[in-house]
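A quick write-up on the structure given underneath.
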Amino acid sequence: AQSVAQPEDQVNVAEGNPLTVKCTYSVSGNPYLFWYVQYPNRGLQFLLKYITGDNLVKGSYGFEAEFNKSQTSFHLKKPSALVSDSALYFCAVRPTYGGATNKLIFGTGTLLAVQP
Amino acid sequence: DAGVTQSPTHLIKTRGQQVTLRCSPKSGHDTVSWYQQALGQGPQFIFQYYEEEERQRGNFPDRFSGHQFPNYSSELNVNALLLGDSALYLCASSQGPGFEQYFGPGTRLTVT
């Protein structure tokens, strides 16, 4: 079955420190990969995506993500965390093989808490 | 430029009732997808509408149905509501079925 795993329910980091939010996936073929952020009582906001090319992709608000095909991972990173980065982060995959290739498959989310 | 809008913001229904949720896509977008986000979970794909037809569907029962209008706006209908249908319902629009999806703020449905 196609799935996305975010192994950490919560990540705690001090402001100014680097952060990493982990994501691995189990999807056939070469899926498209996404990160979204959700603030309380808000919808999902797009951060970045990987389709092809350079394994390090840069996105909004200083975030970047590293794609590793052999490990089927797509970890979200930021060199220096801000308190305002505190939110719920979702990794998502769009299959490109087989049926239902237009849907997004989401992980369960990781709550990022940045302490001042 | 208005983004994706959804109405209502919140809704409370009783078990067995029916509900209709509405979505207006971002300007220039013609494809609408619906997702259900239960508390503490990631969004789950319900279905996608393009050219006024349901193009893809996730693992949801027939109680969940939808419609897309000529102006690309969409409705999600849920019949015979169950307590387990309580969730945040998210609408996402895109420029086409395979393009990047932009999400609305969601409708919070509570079934009592």
Side-chain angles (χ1 to χ4, degrees), chain A residues 1-10 21-27 29-52 57 59-60 74 87-111, chain B residues 2-10 21 23-26 29-51 53-60 66 87-110:
Chain A
Q2 299 172 328
S3 63
V4 175
Q6 292 181 243
E8 303 151 318
D9 290 336
Q10 183 163 336
V21 182
K22 296 179 181 178
C23 171
T24 59
Y25 61 92
S26 177
V27 176
N30 298 303
Y32 297 173
L33 306 169
F34 301 84
W35 276 100
Y36 285 86
V37 60
Q38 186 174 40
Y39 296 96
N41 301 315
R42 301 280 293 276
L44 300 175
Q45 295 179 31
F46 169 80
L47 278 180
L48 50 80
K49 67 181 176 185
Y50 174 84
I51 295 178
T52 187
V57 294
S60 306
F74 189 54
L88 187 58
Y89 290 80
F90 287 97
C91 179
V93 168
R94 181 163 82 80
T96 58
Y97 176 80
T101 55
N102 295 333
K103 70 176 183 181
L104 292 172
I105 303 169
F106 285 86
T108 53
T110 297
L111 183 65
Chain B
V4 180
T5 60
Q6 293 185 243
S7 62
T9 305
H10 296 89
L21 310 181
C23 171
S24 292
K26 184 177 169 67
H29 288 186
D30 60 7
T31 303
V32 173
S33 303
W34 286 93
Y35 292 80
Q36 179 195 66
Q37 185 179 10
L39 196 61
Q41 300 296 317
Q44 298 288 319
F45 176 76
I46 302 175
F47 42 52
Q48 183 180 79
Y49 276 83
Y50 172 65
E51 294 183 333
E53 291 188 9
E54 182 183 295
R55 297 292 177 167
Q56 291 187 2
R57 189 179 183 91
N59 296 323
F60 279 81
L88 180 68
Y89 288 84
L90 296 166
C91 169
S93 73
S94 56
Q95 289 180 308
F99 286 78
E100 188 172 302
Q101 297 181 18
Y102 292 79
F103 284 81
T107 294
R108 173 74 62 187
L109 172 65
T110 302

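Letters A, B, ... mirror the listed sequences (proteins, then strands); counts begin at 1.
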Quick one: closest heavy-atom pair of Val93(A) and Pro31(A), and the distance? CG1-CB, 3.4 Å
Quick one: closest heavy-atom pair of Asp30(B) and Tyr50(B), and the distance? OD2-CE1, 3.5 Å
Please check this pair: side chain of [X] against backbone of [Y], looking for a donor-acceptor N/O pair closer than 3.5 Å.
X         : Y         : answer
Tyr49(B)  : Gly66(B)  : yes
Gln2(A)   : Ile105(A) : no
Thr110(A) : Glu8(A)   : yes

Step by step, would you call Phe34(A) with Val4(A) a side-chain contact (heavy atoms from CB on, under 4.5 Å)? CA-CA 11 Å; Phe34(A) 301 84; Val4(A) 175; over 6 Å; no
Residues of residues 31-40 of chain B under 4.5 Å from chain A (heavy atom pairs)? Tyr35(B), Gln37(B), Gly40(B)
Could you tell me which portion of Gln48(B) (side chain, backbone, both or neither) has an atom closer than 4.5 angstrom to a non-hydrogen atom of chain A? side chain
Which atoms of Gln6(A) come close to chain B, meaning under 4.5 Å heavy atom to heavy atom: side chain ones, backbone ones, both, or neither? neither
Is the shortest heavy-atom distance from the side chain of Tyr39(A) to the side chain of Gln45(A) under 4.5 Å? yes
